[in-house]
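Whatever order the structure lists them in is the order used to number ligands and atoms, beginning at 1.
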Amino acid sequence: MPTDPPGLTTLPGIYVHIPFCLSKCDYCAFVSLPCRRPPGSYLQAVLRQARQLAELTWSREQVFGSLFIGGGTPTIYPPEQLAALLGELGGLFRLEADAEITVESNPNTLSLEGLQQLRRAGVNRLSIGVQSFDDQLLRAVGRGHDRATALAAIARVRQAGFENFNLDLIYGLPGQSAEQFRADLATALEAEPTHLALYQLTPEEGTPLAARLAAGEQTLPDDDQCATMEESARKLLGAMVYEQYEISNYCQPGYQCRHNLNYWRNGSYLGLGAAAFSCLDGLRIGNVRGPGLYRRLLAAGQAPYATAEALGREAAFRETVIMGLRLSRGVEIAELERRFALTPQAYYGTMLTRLLDLGLLTLEEGRLALSERAFPLANQVLSQLV
Ligand code: SF4
């Protein structure tokens, strides 16, 4: 199911956060608790919040273009429970007929039967957290699966009929060489995924990995080595059918992740589950982070919100420019003008002229975009526009 080409306005999405994993990876700072059997009561809480949000006039007026169950590891739940959740959500919200429905997964939670059940429940896109095919590197960051498990899981995903699937890979792992990363990429490409997400490892404070790095027990590849890995990915994938449509994301033509495109365009979305965020036409609401508190609040009939923020027009404009510039296509000037009555030229003035003169940004066909040579320097360039 190819997704819309970039440039079309995306419909709002629905995100469901599942904060449980079989084990905790050593670099993970996401809201996710290790457990063997995730509580069914958590899914009940998600449904309670879904019912609250479905009552909003705003929700009733929307047609949603995507539903993304992420985590954590959503596939830690038995497939029949995920299928039931999807069925309930489909009854509460108006989903587009060919809505993109993604489930995130880890290789050690994917059985053929479970995958087939998810297909029958309407899931049409699967995202698999492979991270690496190198057993030594996987062990170095405490991943709970190995190469053989990942390869078998990918084969089952295909066998179950998922034509549209993403593989997540991480580069910059402890002790990883550029050669090892190229080997990971080559193995990933043999599986012919429609989408590849390549993220650089960031050692988040408070994680076991950060502690080992601080103690000198492990070291990460330096910036130059990571830049080489990025560059080799860009070259290898560019020579194939893959398009780098976002700084960290590549896809076969027509297979952009529609759900994430909506985020990068600063669109609206509903967020269900602990630590999830909703954004309703610029009003951003954050759910409480703890899964236990989230469940208790909803069981007591209360709203599970911890934060609410309405961005002013200029702040929302800046945010939309910065997020949109992550896309290789960039941002449409006319669209910005329509939404915010502002243009980058008028708002950023000489700063924008300087970035254009330096060849870091381009302004062509009514779109402002990072130039090809600015892609590796994206963070530095974007920080000028905050
Ligand atoms: S699988 Fe993902 S969410 Fe779960 S612990 Fe590992 S990095 Fe965190």
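- Remark: distances from the non-hydrogen atoms of Gly144 to ligand 1 are all 4.0 Å or more.
- Side chain to side chain, Asn106 and Arg143 meet the donor-acceptor criterion of an N or O pair below 3.5 Å.
- Residue side and main chain included, Cys28 places an N/O/S atom under 2.8 Å of atom 8 (Fe) of ligand 1.
- Here the heavy atom of the protein found nearest to atom 1 (S) of ligand 1 is Asn106 ND2, 3.2 Å.
- Counting protein heavy atoms only, atom 3 (S) of ligand 1 is closest to Gly72 N, 3.4 Å.
- Atoms of ligand 1 lying under 4.0 Å from any heavy atom of Lys24, numbered from 1 in the order shown and given with element: 5 (S).
- With hydrogens and angles ignored, the 3.5 Å screen pairs no side-chain donor or acceptor of Thr149 with any backbone N or O of His145.
- Nearest protein neighbour of atom 2 (Fe) of ligand 1, counting heavy atoms only, is Arg143 NH1, 4.2 Å.
- With respect to Arg234 and Glu230, a salt bridge is recorded, a charged nitrogen being found less than 4.0 Å from a carboxylate O.
- Here Glu96 pairs with Arg258 in a salt bridge; the nearest charged N to carboxylate O distance falls below 4.0 Å.
- Judged by distance alone, the side chain of Arg156 and the main-chain N or O of Leu110 form a donor-acceptor pair under 3.5 Å.
- Taking 4.5 Å as the limit, some side-chain heavy atom of Cys226 sits within range of a side-chain heavy atom of Pro221.
- Remark: ligand 1 atoms within the under-4.0 Å shell around heavy atoms of Ser23 are 5 (S).
- For atom 5 (S) of ligand 1, the closest heavy atom belonging to the protein is Cys25 N, 3.3 Å.
- We find the CD1-CH2 distance between Ile247 and Trp264 to be 9.5 Å, quoted to the nearest 0.5 Å.
- Residue Cys21 approaches ligand 1 through these ligand atoms, each under 4.0 Å from one of its heavy atoms: 1 (S), 3 (S), 4 (Fe), 5 (S).
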